[in-house]
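What follows is a set of notes on a single structure, which appears directly below.
Note that the structure is a prediction, hence the values are computed from the model and not measured. All ligand and atom numbering here is 1-based and tracks the order in the structure.
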Amino acid sequence: MPAAVAGPEIERLIQLLARLPGLGPRSARRAALFLLKKREQIMGPLAGALQTALEKIQICSVCGNIDTRSPCTVCTDPRREPSIIVVVADIADLWALERAHAVNARYHVLGGTLSPLDGIGPDQLNIRSLISRIAEGGVAEVIIAVNATVEGQTTAHYLTDQLSGFAVKVTRLAHGVPVGGELDYLDEGTLAAALRSRTVF
Ligand SMILES: [Zn+2]
């Protein structure tokens with residue numbers, strides 16, 4: 001291990017920054033140095049924002065989203081269509097769908113996907129709370145928006161099965177050619193899925 005170039009407080013800051021996604025030890029050192037240089041403009045406000053977020057964050061009791069209030073901002077937004085629930089595996093997926101402005105609905109965050117090998121079964125995910133929401137009524141459609149991976153599709157099948165007893169339309173994302181994509185570059189799985197889910201002009 002190389003000799004420390006800074007006191008333990010700064011070394012600790014670097015170590016913690018290095019745990020952030022996308023930041024290795026090298027970029028963590030750069031970020032730490034940037035913060036130290038910009039104490040007034042960036043480091044102080046960032047420390048304050050982190051502390052405030054830490055004190056206020058809660059998991060939404062309705063949908064599993066993370067916010068500073070529960071029920072969350074999404075669940076309490078009166079402009080959203082309350083009869084459509086988009087089921088996602090992770091909050092990152094909720095944010096991605098919101099960035100795309102693709103749907104003006106409410107969400108349900110599962111907290112992962114079914115993965116028996118990793119010990120993740122239905123009880124480890126927010127599935128029971130989803131069923132309760134559907135059972136309460138008022139939901140016409142459940143859109144299952146999960147990854148096109150084995151775990152994602154296993155989860156989609158399981159949910160479809162669980163929801164089959166309710167008077168609710170269950171839909172899922174289409175799999176196919178990405179916007180701007182060229183057929184020649186697609187893998188066989190994507191191409192086959194696109195052909196299976198073809199639509200009429
Ligand atoms: Zn919510």
Could you give the side-chain donor-acceptor pairs of residues 125-147 under 3.5 Å, partners two or more places apart or in another chain?
unit_1 : atom_1 : unit_2 : atom_2 : d
Asn126 : ND2    : Val109 : O      : 2.9
Arg128 : NH2    : Asp123 : OD1    : 2.9
Ser129 : OG     : His108 : NE2    : 3.1
Ser129 : OG     : Asn126 : O      : 3.4
Ser132 : OG     : Arg128 : O      : 2.9
Arg133 : NH1    : Tyr107 : O      : 2.6
Arg133 : NH1    : His108 : ND1    : 3.1
Glu141 : OE2    : Thr171 : OG1    : 2.8

Checklist entry - Should Leu110 and Val88 be marked as a side-chain contact (heavy atoms from CB on, under 4.5 Å) after you check the CA-CA gap, both sets of side-chain angles, and the distance that decides it? => result CA-CA 6 Å; Leu110 295 175; Val88 292; over 6 Å; no
Item to check | Donor-acceptor side-chain pairing of Glu55 and Gln51 below 3.5 angstrom | outcome: yes
Checklist entry - Can you name the closest pair of heavy atoms from Ala28 and Ile14 and give their distance? => result CB-O, 3.5 Å
Checklist outcome for this item: Given a cut-off of 2.8 Å, the protein N, O or S atoms lying below it from the Zn ion (ligand 1) are Cys60 SG, Cys63 SG, Cys72 SG, Cys75 SG
Checklist entry - Does Leu54 sit in a hydrophobic cluster with other residues, and if so which ones, taking ILVMFWY side chains as linked at heavy-atom separations under 4.5 Å, directly or through other members? => result none
Show me the side-chain donor-acceptor pairs of residues 190-201 shorter than 3.5 Å, one per line, residues at least two apart or across chains.
unit_1 : atom_1 : unit_2 : atom_2 : d
Thr190 : OG1    : Asp187 : OD1    : 2.6
Thr190 : OG1    : Asp187 : OD2    : 3.3
Ser197 : OG     : His175 : O      : 3.0
Ser197 : OG     : Ala193 : O      : 2.8
Arg198 : NH1    : Leu195 : O      : 3.0

